Amino acid sequence: MNRIFSGMQPTGNLHLGNYLGALRNWVKLQHEFETIFCIVDLHAITLPQDPAELRRATREVAAAYIAAGIDPAKSLIFNQSTVHMHAELAWILGCFAPLGWLNRMTQFKEKAGKDRENASLGLYAYPVLMAADILGYKATHVPVGEDQKQHLELARDIAGAFNRRYEMEYFPLPEPQIFGAATRVMSLRDGTKKMSKSDASDMSRINLTDDADAIANKIKKAKTDPHPLPDSEDGLAGRPEADNLLGIYAALSDMTMHNAIAENAGKQFSAFKRDLVDRAVAVLAPITQRMRELTSDPTEIDGILARGAEKADAMSAPLLAEVKRIVGFLRP
Ligand code: TYM
């Protein structure tokens, strides 16, 4: 059986990049795979979090999953800290991850910034915890945005190192699934920077909680260049903002980049942006509305998370026990 594991951090607002790069694909994949979608609160605390805000954001991410179309009857939904395998397996796998591998991780370098001495061990070990998330369920496929590719390669390397040490094909090597026209959604203010929760400017991203007016305003003010839209992919060279907005248009319309370019060739940005607003609002408004309903009374969400945690624990506990036996831990 092919099994999917993926997750999102409950930090700040979910945005269009999270939706188009990951969540939207998850919804489709539920029908072909056994699926596990986690809210990775252990990962969230690798940077400082306010406790009340972390609780709120955890429920909000669960609400976003469900509002976007993840069906709790089909997919496991739970928050990572409620299932003890994650942290325990991360410790064991950390003993198979040489510093040389971890030192190559670009996300750590970005997040730690210049002040690396003050970055936490947790931030450094972030990708090892990710490997535990995936391998702890023997997941075979991992749908993510482009920015997580390097972390998935590390998870494969760690799985390989474990398998080699004990001379068995224990962990399957998980395959990244990075697809669609928006695997890397860029900032609306700067087409060379990733759309991100941590960008200081709220105008740089469309949040899943934004209403129609906010979406229209952000798209209207999005950075562009003075030329009409091109008629071929080659015409996007050196035009990161045009490239980004067309990619968003394509993904929202469920079409290829090629078709999105053909449909909009020669248009001025002003006209194109009006169409883009219409598509964005048509796709996002129902999700935002459902998220509001779900977060207004957390009883339903809390129940889904509790049931998900129970199942995820039952699923992962035998694997953890087996890994401990393989490693040689005595269990009298
Ligand atoms: P997070 O919360 O940073 O991102 C969640 C998902 O959103 C994707 N994403 C984007 N896709 C396209 N354009 C963007 N601008 C953009 N920004 C974010 C990310 O690629 C991701 O798929 N470390 C993971 C969470 C995680 C995880 C895992 C994922 C923890 N354990 C195990 C897979 C498997 C992360 O990036 O979260």
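Numbering of ligands and ligand atoms starts at 1, following listing order. Everything quoted here is computed from the prediction, not taken from an experiment. Atoms considered below: every heavy atom in the structure, side chains included; atoms not considered: hydrogens, waters and symmetry mates.
Listed by atom number, the atoms of ligand 1 under 4.0 Å from Ala22 heavy atoms are 6 (C), 7 (O), 22 (O). Applying the 4.0 Å criterion to heavy atoms of Ile134 picks out, from ligand 1, the atoms 32 (C), 34 (C). Listed by atom number, the atoms of ligand 1 under 4.0 Å from His43 heavy atoms are 30 (C), 31 (N). Interface of His15 with ligand 1, defined as ligand atoms under 4.0 Å from a residue heavy atom, comprises 17 (N). Below 4.0 Å from some heavy atom of Ser6 lie the following atoms of ligand 1, by number and element: 29 (C), 33 (C), 34 (C). Within ligand 1, the atoms closer than 4.0 Å to a non-hydrogen atom of Lys194 are 15 (N), numbered from 1 in the order shown. Interface atoms of ligand 1 facing Gly21, defined by a heavy-atom separation under 4.0 Å, are 11 (N), 12 (C). Listed by atom number, the atoms of ligand 1 under 4.0 Å from Tyr126 heavy atoms are 23 (N), 24 (C), 35 (C).
Here's the thing with Gly17: one of its N/O atoms is less than 3.5 angstrom from an N/O atom of ligand 1. For the pair Glu146 and ligand 1, the shortest N or O to N or O distance does not fall below 3.5 Å. The shortest N or O to N or O distance between Ala182 and ligand 1 is not below 3.5 Å.
Protein heavy atom nearest atom 20 (O) of ligand 1, with residue, atom name and distance: Asp147 OD1, 2.4 Å. What sits closest to atom 18 (C) of ligand 1 on the protein, heavy atoms only, is Asn18 ND2, 3.2 Å.
Ligand 1 lies within reach of Lys197, whose nearest heavy atom is under 4.0 Å from it.
With sequence neighbours left out, Glu300 forms a side-chain hydrogen bond (donor to acceptor under 3.5 Å, both in side chains) with no residue at all.
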Tyr249 vs Arg279, side chain to side chain donor-acceptor pair (under 3.5 Å): CA-CA, chis, key distance, verdict: CA-CA 7 Å; Tyr249 181 94; Arg279 295 202 184 213; 3.1 Å; yes
Return all side-chain donor-acceptor pairs below 3.5 angstrom for residues 310-332, not counting sequence neighbours, or 'none' if the list is empty.
from   : atom 1 : to     : atom 2 : distance (Å)
Ser316 : OG     : Ala312 : O      : 2.8
Glu322 : OE1    : Tyr170 : OH     : 2.7
Lys324 : NZ     : Glu88  : OE1    : 2.7

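Both the backbone and the side chain of Gln9 come within 4.0 Å of ligand 1, counting heavy atoms alone. Contacts of Val142 with ligand 1, taken as heavy-atom pairs under 4.0 Å, involve the side chain alone.
The 12-atom threshold is not exceeded at NZ of Lys220, counting heavy atoms of other residues, nucleotides or ligands nearer than 6.0 Å. Enclosure of atom NZ in Lys149 is not indicated, since only 12 or fewer non-hydrogen atoms of other residues, nucleotides or ligands lie within 6.0 angstrom.
Inspection of the Asp41 and Thr58 side chains reveals no N or O donor paired with an N or O acceptor under 3.5 Å.
A single hydrophobic cluster is seen to contain both Leu76 and Met85, as judged by linkage of ILVMFWY side chains at heavy-atom distances under 4.5 Å, directly or through other members.
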